[in-house]
There are 2 protein chains.
Amino acid sequence: MNSRQGDDMKEIRRGRETGTLGKLMALVDLVALADRPMRFTDILSLSDQPRGTLHRQLSHLVEEGLLETDRDGCYLPGIRLLSLASRSWARNEFRTVAEPHLRLLQAQTGETVHLGVLRGTEVIYLDKVEGRQSVRMYSQIGNASPAYCTGVGKAALSALDDISFEARVAGLEFHAYTEHTHRSVAGLRADIEDIRRRGCAFDREEHESGICCVAAPIHSDDNEMLAGVSVTGPAYRVTSEKLQEWAPLVRAAAAAIMQDMQSRLGPRR
Amino acid sequence: MNSRQGDDMKEIRRGRETGTLGKLMALVDLVALADRPMRFTDILSLSDQPRGTLHRQLSHLVEEGLLETDRDGCYLPGIRLLSLASRSWARNEFRTVAEPHLRLLQAQTGETVHLGVLRGTEVIYLDKVEGRQSVRMYSQIGNASPAYCTGVGKAALSALDDISFEARVAGLEFHAYTEHTHRSVAGLRADIEDIRRRGCAFDREEHESGICCVAAPIHSDDNEMLAGVSVTGPAYRVTSEKLQEWAPLVRAAAAAIMQDMQSRLGPRR
DNA sequence: CTTCTTGTTCCATTATTTGGAACTCAATTT
DNA sequence: AAATTGAGTTCCAAATAATGGAACAAGAAG
C-alpha cells in the first residue's frame, strides 16, 4: 500500500538478504542442510529463482568452491568450506583457551565433554573431548542443535536476564525430540530459573533418548558471548546421582574458562 | 592485440574472479589465512579496495556469518563456516566409504592414517585416524598442504599421465620445508616415475623434519577425482624397513577404497 | 515422431556494487 | 585548548554485475 509498510517488512525480516551474497549463501545453506545431493531442479523448486538466474548463481558457487557437482550433476557442499573452517577452528581463541579445561573435566568424569556457543537460539559445538571409546571424534564439532533441549544451550540461556531471555525465545518453535523435551516457553522458563539458582543445567533425555548431561554457563561480562560446557553420557551410566556429583566439577571448569578468557582478553588490547 | 589473447589469459588465470562473490571470498580467504585477527586497516592495505567499498563488503560478510568481529573490531573467520563444513564433512560420500578402510589400516600399522584429496597442486586432508596417543584429533582435517612434498599428494599426482602431470605442475613454486624437499619439477618428476612403477609414494621428511610416510593413490577411472591414503609416523619409529613393510597394506587399502567407490557409484545413478 | 523434462545460453532491463569524498570521533601533537 | 592525524563510517551519482524471460539443446518418456 504505502512505503512505510514495505520498510517495516524489511526490518522485521530476520535474515535480511545481504544483496547478492545473501542470496548465494541461502543456496549454500540449502545444499548443505539437505541430507542428499541436490539436483538442479530440486534446488529450483526450493529456491524461487528463475532457471537462468539459479543456473548462474550455482555456477559461481561451484567456481568458488563453496559447492561442488558430482558426476550426475548433483550439487554438494564444497571442500573449500572444510578448508576455511579448519583454519578458523584451529585458531579460535575461545576454543584454545578452553581446551585444557575440557581435558581435565574429561579426565575427572570419564565421560564426553562438549564446548558449545549460543548463536541465536541454537548451540554450535566448538569442541569435544572423548575418552577411550573412540566411536567417532569430531562428528559433533560444528553441529548446531536447539538451545532449549540441550544442556549447553539451557546453561547459556540461563546467563541472560529475564528481558533478554524473553526477547530471544520469542517466537521459538518447540519440537518434541523425546517425551522429556520442553514443549513451551513456560516449561523452559521454569527450568531456566532453576538453572540460574543451581548454577548448572541438566538434560535428562530431552534431546535424545538415553542421553543425559550436566552443563554450566560460560559468558563474557557483557553477555555478548554466551556459551557452555557439558559432560554427556548414556543414561544407564549417567544416573541422577552422577549428574549431581559432577555438577561442581562442571561449574568449576566453566569458572576456570571464564577466568582464563578474561585474563587473556584484558591485557591484550 | 586480438581477442584470442584475452581468452587465453582468462583461461590461464586460476582464481578468475566470479563477480561479486569472488571478491568477497577473496576477503574471507584473506582473513581465514591470516594467523591473527585483522583490523580494518590491515585488510585495507592487503586488498586493494577503496575504503568505502571494503567496509560494505566486510559488513555483508559479517551479516552472513562468514566473518565475525571481536570486541576490538578485528575481523575473524565466522563460526558459520564451521557449521557448514561439519555438514559437508559428515555426509561426504568418499570419506564415509573410505573410513572403514582407514580404520583397518590404522589397526594393521598402529600409526596415523590420513585420507586426502588433490585440489590443484594442494592436498586437502579429509580424514585422519589415530591410534592411542590422542594428541589432537582433527587438527589435520581440512588442512591444505602442497602436493609435491606430501605422500598423499605425490601418490595422487602419480595417477596422472605425463601430459596432465606437466600441465598441473607448470608454474609450481617449490618451497624448501626441509633439506629433503623437492626443489624443482625435475626432482619431483623423477620421484613420480618411481612412484608409478612402485604403486606407492614415500615421504622421508620432505614436508616436516622427523616425519615419514608411505602413501598410495586413489582415483576415479576418469581421473576426475585424485586422492591418496597414507600411513604417517615419526622417523625414529617409522624406518625405511617399516615403510617397505607397510607399502602393500597401503596399496591394498587404496585398492579397496577404489573398489568400494565404484560399486557405490555404479548402481546409484 | 512428438511431447516432457532437464539443463544451458543469450541479452536488454534492472538492481547492486563501486569509489570518491565528506563526515565522525578519538587519540595525539602543537 | 586548538589543530592534526588516524581509524572507521556514511552517502550518492556512475559503473558494473545480476536478473529473468525466452530461446536453445539434448535426453527420456509417451
Side-chain angles (χ1 to χ4, degrees), chain A residues 3 6-7 9-11 13 15-31 34 36-64 66-76 78 224 267-269, chain B residues 3 6-7 9-11 13 15-31 34 36-64 66-76 78 224 267-269:
Chain A
S3 72
D7 289 344
M9 292 286 288
K10 235 181 211 165
E11 282 179 44
R13 288 203 54 189
R16 57 204 185 282
E17 307 251 306
T18 325
T20 304
L21 180 63
K23 292 169 205 159
L24 293 176
M25 288 309 295
L27 288 178
V28 175
D29 260 348
L30 204 157
V31 171
R36 66 200 160 84
M38 300 282 277
R39 270 214 293 258
F40 179 82
T41 316
D42 300 330
I43 304 175
L44 181 60
S45 63
L46 289 172
S47 76
D48 49 357
Q49 306 266 38
R51 282 219 297 275
T53 301
L54 180 65
H55 187 261
R56 181 182 34 73
Q57 289 172 329
L58 290 173
S59 309
H60 284 178
L61 288 169
V62 168
E63 216 165 334
E64 286 299 326
L66 298 182
L67 297 182
E68 284 172 13
T69 50
D70 64 16
R71 64 189 60 206
D72 306 332
C74 289
Y75 290 88
L76 303 167
E224 204 195 277
R268 178 65 69 90
R269 223 256 77 98
Chain B
S3 72
D7 289 349
M9 291 287 286
K10 232 182 211 165
E11 281 179 44
R13 286 202 55 189
R16 56 204 185 283
E17 307 250 303
T18 326
T20 305
L21 180 63
K23 292 167 204 159
L24 292 175
M25 288 310 294
L27 287 179
V28 174
D29 260 347
L30 203 158
V31 172
R36 67 197 160 84
M38 301 281 276
R39 269 217 282 263
F40 179 82
T41 318
D42 300 330
I43 304 175
L44 182 59
S45 65
L46 289 173
S47 75
D48 50 356
Q49 306 267 36
R51 282 218 297 280
T53 300
L54 180 64
H55 187 260
R56 182 183 33 74
Q57 289 172 329
L58 290 173
S59 309
H60 283 177
L61 289 169
V62 169
E63 215 165 335
E64 287 298 326
L66 298 182
L67 297 182
E68 283 172 16
T69 51
D70 64 16
R71 61 190 62 207
D72 305 332
C74 288
Y75 290 88
L76 304 167
E224 205 195 278
R268 177 67 68 91
R269 221 250 82 100

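A quick note: this is a predicted structure, and the numbers were derived from the prediction, not measured. Letters A, B, ... mirror the listed sequences (proteins, then strands); counts begin at 1.
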Q.
Distance criterion of 3.5 Å, no angle test: do you see the side chain of B:R51 paired donor-to-acceptor with the base of D:dG8?
A. yes
Rounded to whole Å, NE2 of A:H60 lies from P of D:dA17 at a distance of 10 Å
In whole angstroms, the gap separating C1' of D:dA18 from CG of A:L61 amounts to 13 Å
Sorted by chain and residue number, the salt bridge (Lys or Arg N to Asp or Glu O under 4.0 Å) partners of B:D70 (sequence neighbours excluded) come out as none
dist A:R36:CZ -> A:C74:SG (nearest 0.5 Å) comes out at 8.5 Å
Phosphate OP1/OP2 of D:dT19 contacted by A:Q57 side-chain N/O (<4.0 Å): yes
Of the listed D:dA18, D:dG20, D:dG8, the closest approach to the A:T20 side chain comes from D:dA18
Of C:dT18, D:dT19, C:dT17, the nucleotide closest to the side chain of A:T53 is D:dT19
Against the side chain of A:F40, the closest entry in D:dA18, D:dA17, C:dT8 is C:dT8
Separation of C:dT6 atom C1' from A:M38 atom CE, nearest Å, is 15 Å
Assign each of A:G52 and A:L21 the nucleotide of DNA chain C bearing its closest heavy atom; nearer the 5' end lies the nucleotide of A:G52
Between B:L21 and A:E64 the two heavy atoms that sit nearest each other are CD2-CG, 3.6 Å
Taken to the nearest 0.5 Å, the spacing of B:Y75 OH from B:L58 CG works out to 4.5 Å
d(B:L61 CG, B:M25 CE) to nearest 0.5 Å is 8.0 Å
Between CG of A:D42 and C1' of C:dT5 the distance, given in whole Å, is 13 Å
Quick note, B:H55 side chain, CB onward, closest among D:dT9, D:dG20, C:dG19 is D:dT9
Exercise. Is any side-chain nitrogen or oxygen of A:R56 closer than 4.0 Å to OP1 or OP2 of D:dT19?
Worked result: yes
| request: Using a cut-off of strictly less than 4.0 Å, decide whether A:T41 has a side-chain nitrogen or oxygen near OP1 or OP2 of C:dT5. | output: no
Atom CG of B:D72 and atom P of D:dG6 are separated, to the nearest Å, by 21 Å
Separation of C:dG7 atom P from A:Q49 atom CD, nearest Å, is 16 Å
note: A:E63, atom CD; D:dA17, atom P; distance rounded to Å ~ 14 Å
A:L54 atom CG is separated from D:dG21 atom C1', nearest whole Å, by 15 Å
